[in-house]
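Structure first, then comments.
Numbers restart at 1 for each chain; the letters A, B, ... are given by sequence-line order, proteins then strands.
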Protein chains: 2
Amino acid sequence: MGYQVTIKNIAEKLGVSISTVSRALSDHPDISSKTKKAVKELADVLGYKPNQVALNLKYQSTKTLGLVIPEIMHNYFSTVISGVEDIAYDNDYSVVICQSNESYKREVVNIQTLLSNRVDGILVSLSKETKDISHIKKIINNKIPIVLFDRIIDDLNVDVVTNDDYKGAYTAVNHLIVKGCKRIAIYTASEHLSIGKNRLSGYKDALCDNNITVDESLIFYCDTYLDSMKITASILKRVDRPDGFFAVNDMTAIGIMMTAKALEIKIPEEIKIIGFENSISAGITSPGLTSVDQFGYEVGKEATKLLFKRIKNKQNEFLPEKRCIKTKLVLRNST
Amino acid sequence: MGYQVTIKNIAEKLGVSISTVSRALSDHPDISSKTKKAVKELADVLGYKPNQVALNLKYQSTKTLGLVIPEIMHNYFSTVISGVEDIAYDNDYSVVICQSNESYKREVVNIQTLLSNRVDGILVSLSKETKDISHIKKIINNKIPIVLFDRIIDDLNVDVVTNDDYKGAYTAVNHLIVKGCKRIAIYTASEHLSIGKNRLSGYKDALCDNNITVDESLIFYCDTYLDSMKITASILKRVDRPDGFFAVNDMTAIGIMMTAKALEIKIPEEIKIIGFENSISAGITSPGLTSVDQFGYEVGKEATKLLFKRIKNKQNEFLPEKRCIKTKLVLRNST
DNA sequence: ATGAAAGCGCTAACAA
DNA sequence: TTGTTAGCGCTTTCAT
């Protein structure tokens, strides 16, 4: 810490007590206007700013929210951050962002750091690795307000904000079928996160409703660009290769697209591809990537609103709320 | 804040003093092993975690760095963040990330918040709007260690880490010339930031060294995707349209590319394009975008190392250090 | 209208 | 081996 001015410094220079300075600065009615003026002027000259650390201790509140996300790099999470920050700033709160980098261990450390720093509430989107949720339960037990979003685990007694993953997936797969696809592959996330489970259900139900039997050999657990680049070539070389692909996020879809282009497979004529996210990237590939918009900004906003509701109502235990943000299929030329 | 356990709670339940608890928890040699055991066990059962806010006040140090960047969304800044976090975590520090959203006002507020929260050091990449740097001077006057990176203003007496913008630009423009371009446009940032100034110099010098006279009508102040999409069409429709484009960042370059493709202008046959950043996006367009790699991760790491040097050497005033991270032209099919 | 003192949670110098 | 106390910066109750 630097050499910052305190009310004690001001009090000494002015020959008054620290309580007078404190009151003068907060315009307490008891203080004479002369004293106020003197104090405020000196505070200004010295560049006094209240020590927030002291105030946090005093008030037992930090006016800070913790936000734990897997990776800032993801366009989706960047938009979530904006939503969170906007609502937080409206409420005069700061936001501390932590990246778990998809590591369970780091996620636990992040959350512990936030708890130690006594943030007033925590927003979490779980890492891919997270199966044990005792660290989340700890937050709940400590009665720290918490909201999970996007990457959640069901059956946890907390507020959650998710996308309508089921419907998003259903609509996307249905669109592929309408466009003529018969063999549709899905690149999805592990099913322990509800995001993986629900999208897979949407995929399966869309197939069933169109009288297409689910072919387990078309279900791939793959959700990164690099992995997609790794596994797609061999899939595209299969004699019974898929004619449609639905991927869990845009970069995974783009991995499929890049591989197909390298193999000179025509999109959308020979294969069609849909992503999930509707990131900037979806708009700059050739062809453009049809993608399910997740409205990350809205997710961030809703989650933060829910969190503030908890923060401001801590006394009475109320039932967990679940919010679901609608998705929207954005059509481009990959389908 | 929640209902978290304090050493006082432990002390009361155990009938000892809080100092005993404090010492027991930190394995002080004076404390008997029985007492230690009892204290530690109870602490464990109750889920005691030290209140970092109290420690911050006590130690006059928060073990936290502040990082102010224009926009998290930019791939470049995401990579910088990773570099910063890695070095910070190596030193047992946390990082608080603030977005200025390219707003001077927000930048000032961010920095004030960081100062009030008594972070131990601050890393800043200035917003586009920032011309007045009194808020930066305030940090310096307060003797808070600070390092500027990427978006800096010259002649400020602080440590800075930049890319070799001049050379990066020179190399890129030279490459366009080698590839046969005669009329090269630059889409650049305002010159009040050294990044704009230096890249423009590199551009001009590369032209001069190849006996091409600088044509002021080919210099455009444009550095976003949206603006690029707005201004490029009319530029491409000029009879004397440029045959080469060098843009200040990848998304601006991609704006040019998308516009050219919409106008059915062939890349690289009719026009060639180079970006600056070498983001993921550069690799997924068709054609791939030739781009100057900025090594954001390295920039983040270097800046943070410099910052720690300051933090750990606060007593003696030493001269500001300037670090320059090399760039590298990554060739793809847009040139 | 102002000062003294307690307290937020913790550590550490000093006492015992 | 353990307890008491002061202090980090601030607010606020209680005295004056």
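- Nucleic acid contact for B:I7: base, since at least one base atom lies under 4.0 Å from a heavy atom of the residue.
- In this structure, B:S19 does not reach the D:dT5 phosphate: none of its side-chain N or O atoms is under 4.0 Å from OP1 or OP2.
- A salt bridge links A:E102 to A:R151: one of the charged nitrogens lies within less than 4.0 Å of a carboxylate oxygen.
- At a cut-off of 3.5 Å, with distance as the only test, a side-chain donor of A:S134 or A:D132 sits close to an acceptor on the other residue.
- For the pair B:L57 CG and D:dG7 C1', the computed distance is 9 Å after rounding to whole Å.
- As rounded to whole Å, 15 Å separates atom P of D:dT11 from atom CG of A:D30.
- Summarising the geometry, the separation between CG on B:L115 and P on D:dG9 is reported as 16 Å, rounded to the nearest angstrom.
- Distance from the side chain of A:I18 is smallest to D:dT11 among C:dG3, D:dT11, C:dA12.
- You'll find that the side chain of A:V16 is closest to C:dG3, out of D:dT2, C:dT2, C:dG3.
- Look at CD on B:Q60: it is 8 Å from C1' on D:dG9, rounded to the nearest Å.
- Residue-to-nucleotide proximity on DNA chain C shows that, of A:T35 and B:Y48, the 5′-proximal contact is made by A:T35.
- When rounded to the nearest whole Å, the span between CG of A:L55 and C1' of C:dG9 equals 15 Å.
- Contact of the A:L14 side chain with the A:V21 side chain is not registered, since no non-hydrogen atoms from C-beta on lie closer than 4.5 Å.
- Following rounding to the nearest Å, B:Q4 (CD) and C:dG9 (P) show an atom-to-atom distance of 11 Å.
- Within 4.0 Å (heavy atoms only), A:S26 reaches no atom of the nucleic acid at all.
- With respect to A:D120 and A:K312, no salt bridge is recorded, no charged nitrogen being found less than 4.0 Å from a carboxylate O.
- Ranking C:dT11, D:dC10, D:dT4 by closeness to the B:K58 side chain, first place goes to C:dT11.
- Taking 4.0 angstrom as the limit, A:S17 places none of its side-chain polar atoms (N or O) nearer than this to OP1 or OP2 of C:dA4.
- When rounded to the nearest whole Å, the span between CG of B:N51 and P of C:dT11 equals 10 Å.
- Residue B:R118 places no side-chain atom within donor-acceptor reach of the base of D:dG9, judged by atom type and a 3.5 Å distance cut-off alone.
- Not one side-chain nitrogen or oxygen of B:Y59 sits closer than 4.0 Å to the OP1 or OP2 atom of C:dG9.
- Judged by distance alone, the side chains of B:Q112 and B:K138 do bring a donor and an acceptor atom under 3.5 Å apart.
- We find the CD1-CG distance between A:I97 and B:L67 to be 9.5 Å, quoted to the nearest 0.5 Å.
- Residue contacts shown for B:S32 are limited to sugar-phosphate atoms, with no base heavy atom under 4.0 Å away.
- Distances were taken from every side-chain heavy atom of A:S22 (C-beta onward) to each of D:dT11, C:dC8, D:dC10; the shortest belongs to D:dT11.
- Mapping A:H28 and A:T6 onto DNA chain D by nearest heavy atom places A:T6 at the nucleotide closer to the 5' end.
- Atoms NZ (A:K8) and P (C:dA4) sit 13 Å apart, rounded to a whole Å.
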